[in-house]
**Q** 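Structure below; questions to follow.
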Amino acid sequence: MSYKDSLNLPKTEFPMKANLTELEPRLLRKWEQMNINEKIMEKRKGNDTFILHDGPPYANGHIHLGTTFNKILKDFIVKYKNIRGYNTPYVPGWDCHGMPIEHNVTKNLGEKAKTIDKLILRKKCRYYAEKFVKIQREEFKDLGIFGYWESPYITMSNEYEGTIIEHFGKLVEKGFIHRGKRPVHWCSKCQTALAGNEIEYEDKKAPSIFVKLKLVNEDKSLLIWTTTPWTLPANVAAAFHPKEKYVELDTDFGIIIVADKLKKFVIDSIKTKKADVISVREAEYYNGEEYEHPIFSDKKCKVILADFVTMETGSGIVHSAPGHGYDDYQAGLKHDLEIISPVDEGGKFTDYVKQYEGQFVFNANKNILNDLQEKGTLVFSEEIIHSYPICWRCKSELIFRATEQWFLDINHNDLRKKILDEINKVKWIPGWSRDRIYNMVTERPDWCLSRQRSWGVPIPVVYCKECGEEVLDKNFIFKIRDLVFEHGADIWFEKDVSELTKGMKCSKCGNASFEKEEDIFDVWFDSAISHAAVVQKRKELKWPSDLYLEAVDQHRGWFQVALIVSTATEGEAPYREVLTHGLILDKNMKKMSKSLGNVINPKEIAKKTGAEIIRLWVSSIDYTSDQAFREDSLKTPKDVYFRIRNSFKYILGNLNDFEYSKDAVKLEDMMDIDKYILARLDILKEKLFNYYDEYQFHKVLRDFHNFCSNELSSFYFDILKDRLYTYGKTSQDRRSGQTAIFIIMNDLLKLISPILPFTAEETYSYFNMGKKEESVHLEVIDSNINRFKNEQLEHDWQILIKLKDKVNIALENLRNSNTIGKSLEAKILLFTDNKELKNLFENYSEFLKELFIVSNVDVLESPLGKDPIKMKNPNCLIYTEKAEGNKCARCWIISKTVGKNEKYPDLCNRCIDVVK
RNA sequence: GGGCCUAUAGCUCAGUUGGUUAGAGCGCACGCCUGAUAAGCGUGAGGUGGUUGGUUCAACUCCAACUAGGCCCA
């Protein structure tokens, strides 16, 4: 007969199949309805805070795998700190101004863009940004991320824009802001500066010329090569590479100086018959040497040393015009060179260059060549075709032209040094991240704050119409700030300048009419002040933040700009810790980009597998290095997920008749194996707490999964089954096991809830734990990790488990010889000469067969004649046999007691007691 | 070209201050179970440690160069 009904088999509604794509929306709705964030904040009020300040993603397009990765990592930390009881307000934010949005909006406008009113364009940009803030917000929420989604920070809000202006005022007040020249890509047809992604490249014809620059004191010349003769009037220096050797050559064109490595190239290019090497010298020898200006003969210029000089082509000596080249500009700053840019907005020479005044630079090339020729300094000239930057809109060739810009002086008031000091106070994770930003700050130039664009926060400065004097006045700026707080930054463009400057007079000439600055702030300035606009202003937050967490590109970006502004205005860093993660690349470790067509949409994946699996994937990898995402990247996380889920299901099923308050067994009354597994639970908790605290999520997941898989499923649960199923329902031993798995469930749920918030919530709803919160995320995990630790048990069980592994090998041999199928058909015989092990066998004499899941275990007095499996240290011989007796119809154990009882002829004694 | 990073089994990761046969999970192969069953258990096969040199009695671990890839500059 069947005794199945008399068993306590697991029973639960908790579905084996997760069906995450159905579960997740359901729980999201639940959280939305109960307003989970508000509830959590209410519950944690007054507790220690942990502030993770969100770096704002750009409100352009849908979220991608990188932003998904980043937000999930942040959520791990916020949810972990929360379950540990911290008050962790998380305010997500968006970066809303800037070129990419303006560019997209302008592109959509087509021809109309050229004539559109600035205010209307700004309005369209605002709609555009709003649209994507909404889209991204829903996409982030779908990933199970908690936070102030209903009141995020957006950099285009009145309050935020006002704070940007306020901080500009603070910087002005402290003397960090100055005006200076800087070369930018300039379209002389559109008469506007262009940003990086507005520049296209096309093959264009250009002159390629070698020109002699005569040394002042000697009858020798430097030889330079250029493809932009029109920049020669702006020449201020000749750059040598500091680490290269230079040779003096006696040629058909006189004695010329070129880089040793390029002499052959030069000789071939200029077609000189004579080329005798007179000397070879280090670049340093020529440093500071004076030469005659190529255009203005009475002007003297100097040789400088600069790293950017290449040995790929040319002569190894670069004609340097800081007003017309970025390298030159950088070198110019370093060597304090004059920044000359004698070219007007239309690309025509100004009166600085009398002989070419009014000529369009590209047309002037010809005349310049002629003049050089006449002078005899033009050594060689030809036409080449090379890739040249052109305007994305009108396709005309761009020039590099120095323009007036606003700068933040990185060296004012020792700022650079202070920033470096602050860097040393911050904890950078991983450690090398400190070196990276330290080197960057050491090298970086002044920060150019101004952009010649429309969509951004205006720079609140006016110029005197009469004398051109700039009014950089904190009182004026703060007045504008107040207007912006009230009306938004559009007010700057809406109001007439006379209204804005009412009552003001030029401090220089006394005139009262002004002109508005039309430039806006670099968007990095927007996000740089989030620590002030958000962390300082929101009452639920606390400055400085505990943590910033962004990808590795933010050392140049957000980490750095925030640090600069904060150090300049507050005197210290806005964060205590900075965590950097790598980037998500495609399967070939290549960057994902639209043009390569290898972009993976997280929404698509989530639709198929659920966000939970993406979260598990995020937690499974070491984020400190870049990660490849492949189609099968989610395969392992899926398997891991099902294993974890099944462990939960097993526990829930076996607790269906258990009520902790009534049925729990006291620790001292529990069976040793139950005490042991609880000791292991404490050890697991201790490790996971440490890993979480160090933000090492892949170690959290690894150990959590190993616990579920090794310690629970294949070891503890497998052994426990017999007891849970066949023992008397209310027997102490069965209740002991249930008590253990109850405690395990209670901790595991909370331990994994930061990584698997949906599954933890689902499991929690099936978990009968008496008094419950509305959500698992309102719970706090017991921080005590020394409840069950027991060194003696740990020691003993280490040996027993080692023995079980050996027994498994013995059983496998028996199976392979077709003697048994399942282990219950076997009997184990053990022999040991080790005292400690003998003792263990005595203490666990009744338990050994449960441990091995066999029907019988005999401890022998002496070894048997047959071949045993051997264990070393402690020594033990293991023999196997087929168990003797009959199979109990109820518990399936083979026992000699089966058949002895008339009433229950097919049951063993143990089961008869239960069934009775 | 410069600063910083990465490179251990098919995949994701461990490997204490250099010291015996380099570990785990997943996957894979084979087998068992059929009372966690679109589950569970067992056993096993997988690694010239990116490459090449060097230091050392001894290097995955230290040093150098190189290769491939990444970020940020240029």
Side-chain angles (χ1 to χ4, degrees), chain A residues 2-12 14-17 241 243 306-312 326-327 330-331 430-440 442-445 551-557 560 580 582-585 588-591 616-617 619-622 624-628 630 632-640 642-643 645-654 696 698-699 701-706 708-710 713-715 717-722 724-726 804-805 807-816 818 820-825 853 890-892:
Chain A
S2 166
Y3 290 93
K4 200 164 170 174
D5 293 343
S6 74
L7 295 172
N8 311 303
L9 292 179
K11 206 169 96 189
T12 175
F14 185 76
M16 165 176 287
K17 204 171 162 231
H241 193 285
K243 288 181 190 150
D307 286 333
F308 69 83
V309 177
T310 73
M311 294 296 137
E312 276 157 29
Y326 196 74
D327 284 332
Q330 296 280 350
W432 50 257
S433 144
R434 177 254 171 218
D435 298 348
R436 188 171 153 91
I437 193 164
Y438 194 93
N439 291 343
M440 283 178 176
T442 305
E443 294 288 325
R444 74 155 294 147
V552 67
D553 53 349
Q554 298 304 322
H555 285 105
R556 169 58 74 193
Q560 189 178 143
T580 309
L583 284 101
I584 305 303
L585 309 171
N588 300 315
M589 287 303 270
K590 299 275 187 222
K591 195 179 165 168
L616 208 53
W617 169 71
S619 77
S620 75
I621 58 188
D622 176 6
T624 56
S625 54
D626 296 338
Q627 287 296 331
R630 303 180 176 82
D632 59 353
S633 285
L634 297 179
K635 205 167 168 293
T636 301
K638 261 189 226 163
D639 290 324
V640 167
F642 284 119
R643 180 58 153 231
R645 189 177 176 86
N646 265 311
S647 299
F648 288 177
K649 182 170 189 259
Y650 175 93
I651 294 179
L652 292 174
N654 284 298
Q696 304 225 42
H698 67 288
K699 291 186 180 172
L701 182 68
R702 180 195 61 190
D703 281 15
F704 186 89
H705 178 244
N706 278 353
C708 288
S709 191
N710 298 350
S713 192
S714 79
F715 172 70
F717 289 171
D718 208 28
I719 292 168
L720 189 60
K721 272 192 256 184
D722 175 66
L724 291 174
Y725 299 173
T726 69
K804 183 175 161 78
D805 286 341
V807 166
N808 275 340
I809 293 172
L811 289 171
E812 186 66 14
N813 288 343
L814 206 59
R815 242 192 301 270
N816 289 338
N818 284 326
I820 60 162
K822 58 182 168 178
S823 57
L824 276 180
E825 291 165 29
I853 319 183
R890 184 168 175 276
C891 72
W892 294 348

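So you know, we letter chains A, B, ... as the sequences are listed, proteins then strands, and number each from 1. Keep in mind that what you see is a predicted model, and the values were worked out from it rather than measured.
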**Q** So what does Val640(A) hit on the nucleic acid, given a heavy-atom distance under 4.0 Å: a base, only sugar-phosphate, or nothing?
**A**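 No contact.
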**Q** Sequence neighbours excluded, which residues qualify as side chain to side chain contact (heavy atoms under 4.5 Å, CB included) partners of Ile621(A)?
**A**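 Checked Ile621(A) against side chain to side chain contact (heavy atoms under 4.5 Å, CB included); matches are Phe69(A), Trp617(A), Gln627(A).
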**Q** On the side chain of Arg556(A), is there an atom forming a donor-acceptor pair with the base of rC71(B) - under 3.5 Å, no angle test?
**A**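 It does not, because no donor-acceptor pair links the side chain of Arg556(A) to the base of rC71(B) below 3.5 Å.
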**Q** More 5' along RNA chain B: Pro10(A) or Glu825(A), using each one's nearest nucleotide?
**A**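 Looking at RNA chain B, the more 5' nearest nucleotide goes with Glu825(A).
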**Q** Measuring from the side chain of Asn646(A) (C-beta onward, heavy atoms only), which nucleotide among rC71(B), rA36(B), rG3(B) has the closest atom?
**A**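 Taking heavy atoms from C-beta onward, the closest nucleotide is rA36(B).
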**Q** Among the candidates rU37(B), rU43(B), rG70(B), find the nucleotide nearest to the side-chain atoms of Lys649(A).
**A**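 For the Lys649(A) side chain, the nearest candidate turns out to be rU37(B).
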**Q** Do Phe717(A) and Asn646(A) have side chains that approach each other closer than 4.5 Å (heavy atoms only, starting at C-beta)?
**A**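 SC-SC contact between Phe717(A) and Asn646(A) ruled out.
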**Q** Assign His705(A) to base, sugar-phosphate, or nothing according to its heavy-atom contacts below 4.0 angstrom with the strands shown.
**A**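 Counting heavy atoms under 4.0 Å across all strands, the contact made by His705(A) is with sugar-phosphate only.
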**Q** Check Lys721(A) with Asp718(A), please: is the shortest side-chain N to carboxylate O separation under 4.0 Å?
**A**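 Yes, this pair counts.
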**Q** For Glu825(A), is there an ion pair with Lys822(A) - N to carboxylate O distance below 4.0 angstrom?
**A**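 Not counted as a salt bridge, because no side-chain N and carboxylate O are separated by less than 4.0 Å.
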**Q** Does rG35(B) have a Watson-Crick or wobble mate here (both distances under 3.5 Å), and if so which one?
**A**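 Matched rG35(B) with nothing under the 3.5 Å cut-off.
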**Q** Roughly how far apart, to the nearest Å, are rA14(B) and rC26(B) at atom C1'?
**A**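 Those two atoms are separated by 15 Å.
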**Q** Go through rG25(B), rG42(B), rG40(B) for me and flag the one nearest to the Glu812(A) side chain.
**A**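 Comparing rG25(B), rG42(B), rG40(B) against the side chain of Glu812(A), the answer is rG42(B).
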**Q** Donor-acceptor pair, Arg436(A) side chain versus Val552(A) backbone, under 3.5 Å?
**A**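 Here the side-chain-to-backbone pair exists.
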**Q** Across all strands, who's sitting opposite rC62(B) as a Watson-Crick or G-U wobble pair, both distances under 3.5 Å?
**A**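 WC or wobble partner is rG54(B).
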**Q** Quick check on rA38(B): is either OP1 or OP2 less than 4.0 Å from any side-chain nitrogen or oxygen of Lys17(A)?
**A**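 No, Lys17(A) has no side-chain N/O under 4.0 Å of OP1/OP2 on rA38(B).
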**Q** Which of the following nucleotides, rA36(B), rC5(B), rC71(B), is nearest to the side chain of Phe717(A)?
**A**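 Closest nucleotide to the Phe717(A) side chain: rA36(B).
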**Q** OP1 or OP2 of rC26(B) versus the side-chain N and O atoms of Ser709(A): is any pair under 4.0 Å?
**A**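 Ser709(A) to rC26(B) OP1/OP2: side-chain N or O found under 4.0 Å.
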**Q** Of all the nucleotides listed (rG27(B), rG40(B), rC32(B)), which has the minimum atom distance to the side chain of Lys635(A)?
**A**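 So the side chain of Lys635(A) is nearest to rG27(B).
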**Q** When the P atoms of rG47(B) and rG54(B) are considered, how many whole Å apart are they?
**A**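 The answer is 27 Å between these two P atoms.
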**Q** Contact class for Glu443(A) vs. all strands (heavy atom < 4.0 Å): base, sugar-phosphate, or nothing?
**A**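 No contact.
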**Q** Identify which nucleotide among rG42(B), rG35(B), rC33(B) has an atom closest to any side-chain atom of Lys822(A), counting heavy atoms from C-beta outward.
**A**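 Nearest listed nucleotide: rC33(B).
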**Q** How is Arg444(A) classified with respect to the nucleic acid when contacts are heavy atoms under 4.0 Å: base, sugar-phosphate, or nothing?
**A**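 Touches nothing.
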**Q** Hey, does the side chain of Gln627(A) come within less than 4.0 Å of rC13(B)'s phosphate (OP1/OP2), counting only N and O?
**A**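 Looking at the OP1 and OP2 atoms of rC13(B), one of them is under 4.0 Å from a side-chain N or O of Gln627(A).
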**Q** Under 4.0 Å from OP1 or OP2 of rA36(B): is there any side-chain N or O of Lys721(A) that close?
**A**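 Lys721(A) to rA36(B) OP1/OP2: side-chain N or O found under 4.0 Å.
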**Q** When we call it a touch if two heavy atoms are under 4.0 Å apart, what does Trp892(A) touch: a base, just sugar-phosphate, or nothing?
**A**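 Base, at least one base heavy atom under 4.0 Å.
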**Q** Considering just the side-chain nitrogens and oxygens of Tyr725(A), establish if one lies under 4.0 Å of OP1 or OP2 belonging to rA36(B).
**A**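 For rA36(B), OP1 or OP2 has a side-chain N or O of Tyr725(A) closer than 4.0 Å.
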**Q** Taking the side chain of Ile621(A) as its heavy atoms from C-beta onward, which of rG3(B), rC13(B), rG27(B) lies nearest to it?
**A**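 That would be rC13(B).
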**Q** Among rG3(B), rA36(B), rC26(B), which is the nearest nucleotide to the side chain of Tyr650(A)?
**A**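 My answer, after comparing the listed nucleotides, is rA36(B).
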**Q** Can you tell me whether the side chain of Ser713(A) and the base of rA36(B) have a donor-acceptor pair closer than 3.5 Å?
**A**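 Such a pair exists between side chain and base.
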**Q** Using the C1' atom as the reference point in each nucleotide, state the distance between rA58(B) and rA39(B) in Å, no decimals.
**A**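 Pairwise C1' distance, rA58(B) against rA39(B), rounds to 49 Å.
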**Q** rC73(B), OP1 or OP2 - any side-chain N/O from Arg436(A) closer than 4.0 Å?
**A**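 No, Arg436(A) has no side-chain N/O under 4.0 Å of OP1/OP2 on rC73(B).
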**Q** Can you tell me how far C1' in rU17(B) sits from the matching atom in rC60(B), rounded to whole Å?
**A**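 About 16 Å, rounded to a whole number of Å.
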**Q** Mapping Leu583(A) and Ser433(A) to their closest nucleotides on RNA chain B, which lands nearer the 5' end?
**A**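 Counting from the 5' end, the first nearest nucleotide belongs to Ser433(A).
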**Q** So does Asn813(A) get a side-chain nitrogen or oxygen closer than 4.0 Å to the phosphate oxygens (OP1/OP2) of rU43(B)?
**A**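 Looking at the OP1 and OP2 atoms of rU43(B), neither is under 4.0 Å from any side-chain N or O of Asn813(A).
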**Q** Check for me whether Arg645(A) meets the cation-pi criterion with Phe14(A), that is, NZ or CZ under 6.0 Å from the six-membered ring centre and within 45 degrees of the ring axis.
**A**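 Judged by the rule (NZ or CZ under 6.0 Å from the ring centre, within 45° of its axis), Arg645(A) counts as positioned above Phe14(A).
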**Q** So, does Arg643(A) get its side chain near the phosphate of rG40(B), meaning an N or O under 4.0 Å from OP1 or OP2?
**A**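 Yes.
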**Q** Select one nucleotide: of rC72(B), rG25(B), rG35(B), the one nearest the side-chain heavy atoms of Met440(A).
**A**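 From the listed options, rC72(B) comes nearest.
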**Q** Any donor-acceptor pair under 3.5 Å linking the side chain of Asp626(A) with the backbone of Gly582(A)?
**A**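 Side chain of Asp626(A) to backbone of Gly582(A): no pair is present.
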**Q** For the P atoms, the ones on rU16(B) and on rU43(B), what distance do you get once it is rounded to whole angstrom?
**A**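 Going atom to atom, P in each nucleotide, I get 28 Å.
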**Q** Applying the Watson-Crick and G-U wobble criteria at under 3.5 Å, what pairs with rC28(B)? Answer none if nothing qualifies.
**A**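 With both distances under 3.5 Å, rC28(B) matches rG44(B).
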**Q** With syn defined as a glycosidic angle within 90° of 0 and anti as the rest, where does rG50(B) land?
**A**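 Anti conformation for rG50(B).
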**Q** For rA7(B), which nucleotide in any strand shown is its Watson-Crick or wobble partner with both distances under 3.5 Å?
**A**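 Checking every strand shown, rA7(B) finds its partner in rU67(B), with both distances under 3.5 Å.
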**Q** With rounding to whole Å, what would you report as the distance between rG3(B) and rA9(B) at their P atoms?
**A**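 It comes out at 29 Å once rounded to the nearest Å.
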**Q** In whole angstrom, give me the gap between the P atoms of rU8(B) and rU48(B).
**A**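 Approximately 13 Å lies between the P atom of rU8(B) and that of rU48(B).
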